[in-house]
Number of protein chains: 2
Amino acid sequence: MDEVFKALADASRRSLLDRLHAKNGQTLNELCDGLAMTRQAVTKHLGILEAANLVTTLRHGREKLHYINPVPIHQIGERWIRKFERGKLAALSELKRQLEKRDE
Amino acid sequence: MDEVFKALADASRRSLLDRLHAKNGQTLNELCDGLAMTRQAVTKHLGILEAANLVTTLRHGREKLHYINPVPIHQIGERWIRKFERGKLAALSELKRQLEKRDE
DNA sequence: ATAATAGGCAACTAAAAGGTTGCATGTCAA
DNA sequence: TTGACATGCAACCTTTTAGTTGCCTATTAT
């Protein structure tokens, strides 16, 4: 879980996921296009995404195709985001109450 | 948005949010209990959470009370997580198809 | 008043992150 | 088979991050 959060912390990596979301199965060179960094930097980012299981790769001859794996993102939604959404209204109203008490 | 992802990338900070979720409105010293780091380190983490708007504080005499703000977490769920959940099944089935093609 | 309590500020350190350059390897096309 | 293309590996550099120590300030209780 920590690896996934860490992987998502970088804007370049999120943008890579965005691009794979738009078009799945891209090669390394395809994913490099338009990014202001070297191929090697992109390789590292993809490696981190792969280590976090957010991306799966498939060799096809000399090409490496990258596929997004939506499962870890979904898990974060389930195990983490939702947890905080449950208490959402309660937390906000309590905060509001406290803020108002300040002016007494 | 980037600040929020970055803030969530650290396990200590997520644990602080967890603790505030369990009991909202804790003081700095309260939040230090049981953590294997100095008060100053916790202060920094809370500062990052505050900068990302994940935590709001309220001074009460010499105490500083920390309240969780669930809104940014919710926004990440809405604007980010859900986006990838939509294409989820499609992405997985395409990946599966590609993986099977490998063995031809 | 004064001591204890709650927190703030700043300088410093170590390690990790993000990126680079240079070179090596495997695969495809002519 | 040879050159071009797609990717891999490794050493290196710079900035950021997580944490520390040391000292200062404000509030509260005795």
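Treat the numbers as computed from the prediction; the structure is a model and nothing was measured. The sequence lines fix the lettering, A, B, ..., with proteins before strands; numbering per chain opens at 1.
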Contact pattern, 5' to 3', of nucleotides 3-8 of chain C - B, S or - by protein heavy atom under 4.0 Å: -BBSBB

Ring centres under 6.0 angstrom apart (B/His74, A/Phe84): no

Go through residues 1-17 of chain B and report each residue with a non-hydrogen atom lying under 4.0 Å from DNA chain C, sorted by number. none

Under the salt bridge (Lys or Arg N to Asp or Glu O under 4.0 Å) criterion, do B/Glu78 and B/Lys83 qualify, and how do the steps go? CA-CA 8 Å; B/Glu78 285 298 308; B/Lys83 168 179 177 184; over 6 Å; no

Stretch residues 31-38 of chain B: residues that reach within less than 4.0 Å of DNA chain C through a heavy atom: none

Single-linkage hydrophobic cluster B/Met1~B/Ile48, side-chain heavy atoms < 4.5 angstrom: no

Salt bridge (charged side-chain N to carboxylate O under 4.0 Å, His left out) involving B/Glu3 - partner list, sequence neighbours excluded: none

Does anything in residues 43-57 of chain B pair up under salt bridge (charged side-chain N to carboxylate O under 4.0 Å, His left out), and if so which pairs, sequence neighbours excluded? B/Glu50-B/Lys64

How many Å lie between CD1 on A/Ile48 and P on C/dA17, as a whole number? 7 Å

Side chain A/Gln26, main chain A/Arg19, donor-acceptor under 3.5 Å: yes

To the nearest 0.5 angstrom, please state how far the CZ atom of B/Phe5 sits from the CG atom of A/Asp10. 11.0 Å

Roughly how far, to the nearest 0.5 Å, is the NE2 atom of A/His45 from the SG atom of A/Cys32? 10.5 Å

Report the distance from atom CG of A/Leu58 to atom P of D/dT7, rounded to the nearest whole Å. 13 Å

Once salt bridge (charged side-chain N to carboxylate O under 4.0 Å, His left out) is applied, do any residues pair with A/Asp2, and if so which ones, sequence neighbours excluded? A/Lys6, B/Arg14

Taking only side-chain nitrogens and oxygens of A/His45, does any of them come within less than 4.0 Å of OP1 or OP2 of C/dA17? no

B/Leu49 CG to B/Asn69 CG distance, which is reported to the nearest 0.5 Å: 11.0 Å

